[in-house]
Colleague: 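Attaching a single structure in structure tokens format; questions to follow.
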Amino acid sequence: MKKNIKSLAIFGGNPTFTNVLPVGQLNLPDWESFERSFRGIFSRRYYTNHGPLAQELESRLSNFFGVAHVICTTNATIALMLAAKALELKGKVVLPAYTFIATAQSLTWSGLEPVFCDVDAETHMITAEAIEPLIDDNVSAILGVHLWGGACTPVDLEALASKYNINVYFDAAHAFGCSCAGVNIGNFGNLEVFSFHATKVLNAAEGGCICTNDTDLAKRLRNIRSSYGAGESVDVPVTCNGRMSEAQAAMALLALEEYPRIRQENKDRMDVYMQLLVDIPGIAFIQQKAEGAYNYQYVVVAVDSSLFGLDRDQLVAVLEAENILCRRYFFPGVHRSIPYSQNYPQYENALPVTDMLCNNVLQLPSGALVSLDDVRSICELIRFIYNNACLIKSKL
Ligand SMILES: *Cc1c(COP(=O)(O)O)cnc(C)c1O
């Protein structure tokens, strides 16, 4: 517990944590299970090319999501690129400006023009109302993004896409295990893409998958994923290597078994954060509006400097000195990153909510390496910082 501001690490005091507290999930299976799985891979000598573990994972995930087809991939970025090809998209695609850069990069790789849409200040996600004015004859799809372990409004986006007879698909990298209006994420739009990166709630070290209920689309995706055409061979415009290895599938299968426990632990951390921070002025949790299940993967708050006394970057600097890593999300914004800032200068001042969020949003530590006591210490520290904000600011 800090007594006065001199005891803050940024002013020379001892850091609250001796070891650095990470932000991400970093959930790992126990070593014995991992070893058993890997011995199996070694004894079969079947390392890749849609092996038995990749096949088992696809069928388990298909049950988990309640979706007809799951196509596992090397990672989610490749999956989004395969998706754009399988949907034969042309021209422009509307996506939220407030997202991870890979969402937009997948379009650039596919020769498509991203059309950045501003987001809702409370949910941080796009809405059908904001997308509609951006749709013209050159727009072939909407690429929705489910953020922060919740869902954007997929039913509204589907209705909008069908009104204009265009495609709609989703970057669901954050939305493993979530649902909306009683339907699991994975079942919306033409397809949905999940990520199994190490910082995501389901960790396969690297990995991802595409979910779809469209059998023809699934066949095309499988053919595009493997240059040699795994499964039934159908004509596709281009092929690639987006296969998931057996090693990744082994990790993902173990992680899938652990998911209910991981989700519960995430929720426990989230509950403590919310309980201890909710009354601090200028610290706002996201208001999830959609009815449904969440994975509580990201503890995300927006910092309002006029109420809190310090701005987001000042708070990050104070916390990082205490060995509490925080992530500024998404920073810089996609439209302010190369190549988009150069190629599409029209967005410079056209996305006020996205700019506000890029400047104010902070992800606090959660995941496997963060205990409930750690969370309590972080909250106590944030309260101390709030109570002394004026003085801290004057000395920064
Ligand atoms: C992590 C992430 C991706 C990329 O996933 P990879 O599996 O790392 O390629 C895409 N979109 C969003 C929103 C993400 O958070």
Side-chain angles (χ1 to χ4, degrees), residues 22-27 54 57 61 70-84 93-110 112 114 116-117 119 123-126 142-152 154 157 169-178 185-186 188-189 191-211 225 240-245 247-249 251-252 255 266 286 294-300 327-335 337 340 354 357-358 361-363 366-367:
V23 205
Q25 288 284 327
L26 307 171
N27 293 304
L57 179 62
L61 287 173
V70 173
I71 296 104
C72 285
T73 57
T74 316
N75 60 53
T77 309
I78 293 273
L80 287 164
M81 287 156 56
L82 304 185
V93 174
V94 182
L95 78 163
Y98 190 63
T99 183
F100 183 53
I101 192 155
T103 319
Q105 289 285 357
S106 74
L107 300 174
T108 304
W109 270 100
S110 312
L112 298 160
F116 294 114
C117 179
V119 295
T123 64
H124 303 186
M125 291 187 260
I126 42 169
I142 298 164
L143 171 48
V145 181
H146 304 297
L147 279 189
W148 309 144
C152 67
L157 266 54
Y169 65 118
F170 295 91
D171 176 341
H174 288 192
F176 185 88
C178 301
I185 301 298
F188 289 99
L191 61 85
E192 303 205 65
V193 169
F194 293 87
S195 170
F196 307 143
H197 183 263
T199 57
K200 306 297 203 270
V201 71
L202 193 98
N203 171 15
E206 290 276 6
C209 77
I210 306 172
C211 292
R225 176 184 61 180
C240 180
N241 175 6
R243 293 183 296 268
M244 176 181 268
S245 71
Q248 291 174 287
M251 286 274 286
N266 277 353
I286 342 154
Y294 306 106
N295 61 32
Y296 308 96
Q297 183 189 354
Y298 293 91
V299 180
V300 161
R327 199 168 293 152
R328 300 185 294 175
Y329 248 112
F330 296 94
F331 191 83
V334 177
H335 66 292
S337 310
Y340 308 107
T354 297
L357 294 173
C358 291
V361 168
L362 178 67
Q363 185 192 354
S366 188

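Atoms within each ligand, like the ligands themselves, are counted from 1 in listed order. Worth knowing before you read on, the calculation uses all heavy atoms, side chains too, and leaves out hydrogens, waters and symmetry mates.
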Colleague: Please state which part of T77 comes within less than 4.0 Å of ligand 1, counting heavy atoms only: side chain, backbone, both or neither.
Modeller: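 For T77, backbone and side-chain atoms both sit under 4.0 Å from ligand 1.
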
Colleague: Checking a contact table here: which protein heavy atom is nearest atom 3 (C) of ligand 1, and how many Å away?
Modeller: F100 CD2, 3.6 Å

Colleague: Report the part of A76 in contact with ligand 1, treating N, CA, C, O as backbone and CB onward as side chain, heavy atoms under 4.0 Å; options are side chain, backbone, both, neither.
Modeller: both

Colleague: So, regarding S195 and ligand 1 (criterion: nitrogen or oxygen to nitrogen or oxygen, under 3.5 Å), is there a contact or not?
Modeller: yes

Colleague: Kindly write out the residues that satisfy side-chain hydrogen bond (donor to acceptor under 3.5 Å, both in side chains) with S366, not counting sequence neighbours, or none if the list is empty.
Modeller: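 S366 satisfies side-chain hydrogen bond (donor to acceptor under 3.5 Å, both in side chains) with R269 only.
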
Colleague: Looking at ligand 1, would G207 count as a contact under a 4.0 Å heavy-atom criterion?
Modeller: yes

Colleague: Compare all side-chain heavy atoms of L61 with those of F176 and state whether any distance is below 4.5 angstrom.
Modeller: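 L61 vs F176: side chains touch.
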
Colleague: How about Q105 and Y340: do any of their side-chain heavy atoms sit closer than 4.5 Å?
Modeller: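 Counting from C-beta outward, Q105 and Y340 do come under 4.5 Å.
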
Colleague: So which protein heavy atom does atom 13 (C) of ligand 1 come closest to, and at what separation?
Modeller: D171 OD2, 3.6 Å

Colleague: Do the side chains of Y298 and H174 get nearer than 4.5 Å, heavy atoms only?
Modeller: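 Side-chain contact under 4.5 Å: yes.
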
Colleague: Going by the atom numbers of ligand 1, which of them fall below 4.0 Å from some non-hydrogen atom of N75?
Modeller: 7 (O), 9 (O)

Colleague: Among protein heavy atoms, which sits nearest to atom 2 (C) of ligand 1, and what does the distance come to when rounded to 0.1 Å?
Modeller: K200 NZ, 3.0 Å

Colleague: Can you tell which of V334, L95, V93, T77 makes a side-chain contact (heavy atoms from CB on, under 4.5 Å) with T103?
Modeller: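 For T103, the side-chain contact (heavy atoms from CB on, under 4.5 Å) check succeeds only for L95.
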
Colleague: Taking the side chain as everything from C-beta on, heavy atoms only, tell me whether Y329 gets closer than 4.5 Å to Y98.
Modeller: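 In short, these two side chains touch, coming nearer than 4.5 Å.
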
Colleague: Measure the distance from atom 15 (O) of ligand 1 to every protein heavy atom, then report the residue, atom name and distance (to 0.1 Å) of the closest one.
Modeller: H174 NE2, 2.8 Å

Colleague: Could you check whether any side-chain heavy atom of V193 comes within less than 4.5 Å of a side-chain heavy atom of L82, counting everything from C-beta outward?
Modeller: no

